[in-house]
Q: 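Got a structure for you, written out below as structure tokens; questions coming shortly.
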Amino acid sequence: MTILIRARDVPARQRHDAWRSVAADMLGPLDVYVDPDVPLRGEIHADTLGPLRVGRIQTTTPHGVRRTAGQVGRDSRELYRAVLAISGSPRLRQDGRASQLRSGDFAIYDFARPYELAYDSTVRLAVFSFPREMLALPAGSVRELTAVPITAEGTGALVAPLLRRVAADVETYQPASAARLSTVVMDLITTAVAERIDRIDAVSAQTQQRTMFVRVNAFIEEHLAETDLTPGLIAAAHHVSLRYLHRLFEPQHTTVAAWIRHRRLEKCRHDLADPALHTLPVSAIAARWGLPDPAHFSRLFHRTYGLPPVEYRHRCLLPTASVGVHG
């Protein structure tokens, strides 16, 4: 992610003006208000994720940004923004509503109407900007939710971890991956907003299906260690038919059971290569990821990675083991 400004790199007497300039360039015409007698500390980063603009702001200096009706009149680009409170408690005002976000909350605001975003203490924020048409919901319905916190409930529970990870890793994605991930981001934001305003009927079938796939994957990751994790259990937990569940995985050219097996093996492979776990028996590592039969696990691992798990571990840890023996 490109660093637009790091306050400590700017001479103190120029810092406030430089920060205002960068904030306006990244977020659009707005006022930045900050006590000139308070030292300004923080960083602003920016990048793109396909059609989305992604910003990350962290500061320990109380201040805020305000977009006025006059500024909207001079620049009325039709954008929505989603702001995620990674840490701290920013305040957001728009359309006669004011709210204080908690860590993990996100909220939508409309760039084409006046708003205010302020912080009294240390904050870390991720800000995602996108054209209005990418939030495929009626504008009047979205307007009911501007500046309203969307918390970690329902699909909202998936949004915060995803936005946090994307903001941290955005510069590492290849263009094709970035385009796919931007679709996932918008699917989850759209569904979370629709749930919050009770308009899930307005969400397209494709978006609902892609969102369900993300929810199912998160559920699988959370329950990998459980030996009774089956397609039937997953379907029941998400109130869908087994047929619908299998259909979710067809675009990935895999089955639900094969995906569970793949993720368990990947977790085992990671743990076998971890020096911190070198005293943990191979069978225990397999069992902790839902594969309690040692012989079955060994066959699966060998077939998938070309080596028995014991030999794989030995090759991964040999340099570490040598240091331990001779050091």
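Just so it is clear, the values below take in all heavy atoms, side chains as well, and ignore hydrogens, waters and symmetry mates.
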Q: Does NZ or CZ of Arg66 come closer than 6.0 Å to the centre of the six-membered ring of Tyr115, within 45° of the ring's axis?
A: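 Relative to the ring axis of Tyr115, which defines the angle, Arg66 lies outside at least one limit.
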
Q: Return the minimal non-hydrogen interatomic distance between Ala126 and Phe128, and the atom names on each side.
A: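 That would be CB-CE1, 3.9 Å.
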
Q: Would you check if the distance from the ring center of His63 to the ring center of Tyr119 is below 6.0 Å?
A: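 They qualify: ring centres under 6.0 Å apart.
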
Q: Any donor-acceptor pair under 3.5 Å linking the side chain of Thr191 with the backbone of Asp187?
A: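 Between the backbone of Asp187 and the side chain of Thr191 there is a qualifying donor-acceptor contact (under 3.5 Å).
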
Q: Do Val34 and Trp19 have side chains that approach each other closer than 4.5 Å (heavy atoms only, starting at C-beta)?
A: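 Not in contact.
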
Q: For Asp198, give me all partners under side-chain hydrogen bond (donor to acceptor under 3.5 Å, both in side chains), at least two apart in sequence or on another chain.
A: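 In terms of side-chain hydrogen bond (donor to acceptor under 3.5 Å, both in side chains), with neighbours along the sequence ignored, Asp198 is linked to no residue.
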
Q: For Asn217, what residues pass the side-chain hydrogen bond (donor to acceptor under 3.5 Å, both in side chains) criterion, not counting sequence neighbours?
A: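 If we apply the side-chain hydrogen bond (donor to acceptor under 3.5 Å, both in side chains) test to Asn217, skipping adjacent residues, the hits are Trp259.
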
Q: Report the residue from Arg313, Arg288, Arg264 that forms a salt bridge (Lys or Arg N to Asp or Glu O under 4.0 Å) with Asp271.
A: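 Filter result, single survivor: Arg288.
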
Q: Mind listing the closest non-hydrogen atom pair of Leu188 and Val159 along with its distance?
A: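 For Leu188 and Val159, the tightest heavy-atom pair comes out as O-CG2, 3.8 Å.
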
Q: If the condition is side-chain hydrogen bond (donor to acceptor under 3.5 Å, both in side chains), which residues does Asp293 pass it with, not counting sequence neighbours?
A: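 With sequence neighbours excluded, Asp293 shows a side-chain hydrogen bond (donor to acceptor under 3.5 Å, both in side chains) to no residue whatsoever.
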
Q: Is the backbone of Val203 close enough, under 3.5 Å, to the side chain of Gln208 for a donor and an acceptor to pair up by distance?
A: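 A pair under 3.5 Å: yes.
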
Q: Could you pull out the closest heavy-atom pair between Asp110 and Arg113, with the gap in Å?
A: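 Minimum heavy-atom contact is OD2-NH1, 2.7 Å.
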
Q: Could you check whether any side-chain heavy atom of Glu250 comes within less than 4.5 Å of a side-chain heavy atom of Thr255, counting everything from C-beta outward?
A: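 They are not in contact (no side-chain heavy atoms under 4.5 Å apart), so the answer is no.
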
Q: With side chain to side chain donor-acceptor pair (under 3.5 Å) as the test, would you mind laying out the steps for Tyr80 and Glu133 before giving the verdict?
A: CA-CA 9 Å; Tyr80 285 131; Glu133 60 268 20; over 6 Å; no

Q: Could you check whether Phe213 and Phe249 have their ring centres less than 6.0 Å apart?
A: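 They qualify: ring centres under 6.0 Å apart.
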
Q: Using a 4.5 Å cut-off on heavy atoms from C-beta on, say whether the side chain of Arg124 contacts that of Ser87.
A: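 In contact.
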
Q: So, does Thr146 use its side chain to make a donor-acceptor pair with the main chain of Arg143 at under 3.5 Å?
A: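 Yes; judged by distance alone, with no hydrogens or angles, the pair exists.
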
Q: Distance under 6.0 Å and angle within 45° of the ring axis: does Arg81 meet both against Tyr109?
A: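 No.
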
Q: Test side chain to side chain donor-acceptor pair (under 3.5 Å) on Glu226 and His223 and set out the steps.
A: CA-CA 6 Å; Glu226 299 168 17; His223 296 276; 2.8 Å; yes

Q: Ignoring hydrogens, what is the shortest heavy-atom contact between Ala85 and Leu125? Give both atom names and the distance.
A: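 The pair with the smallest heavy-atom distance is CA-CD2, 4.1 Å.
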
Q: With heavy-atom distances below 4.5 Å as the criterion, would you say the side chains of Asp25 and Val22 are in contact?
A: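 Heavy-atom side-chain distance check fails, nothing below 4.5 Å.
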
Q: Determine, step by step, whether Ser89 and Gln100 satisfy the side chain to side chain donor-acceptor pair (under 3.5 Å) criterion, reporting the C-alpha distance in whole Å, the side-chain angles of both residues, the deciding distance to 0.1 Å, and the verdict.
A: CA-CA 6 Å; Ser89 302; Gln100 191 155 23; 4.6 Å; no

Q: What distance do Arg196 atom CZ and Leu145 atom CG have between them, rounded to the nearest 0.5 Å?
A: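 It comes to 6.0 Å.
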
Q: Could you tell me whether a side-chain N or O of His16 sits under 3.5 Å from a main-chain N or O of Val38, the two making a donor and an acceptor?
A: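 Flag set: sc His16 to bb Val38 pair under 3.5 Å.
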
Q: Just wondering, do His314 and Val310 contact through their side chains at under 4.5 Å, heavy atoms?
A: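 A side-chain contact under 4.5 Å is absent here.
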
Q: Say whether, by atom type as modelled, one donor and one acceptor occur between the side chain of Thr48 and the main chain of Gly50 under 3.5 angstrom.
A: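 No.
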
Q: Work out which heavy atom in Val83 is nearest to a heavy atom in Leu92; give both atom names and the distance.
A: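 Scanning both residues, the minimum pair turns out to be CG1-CD2, 4.3 Å.
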
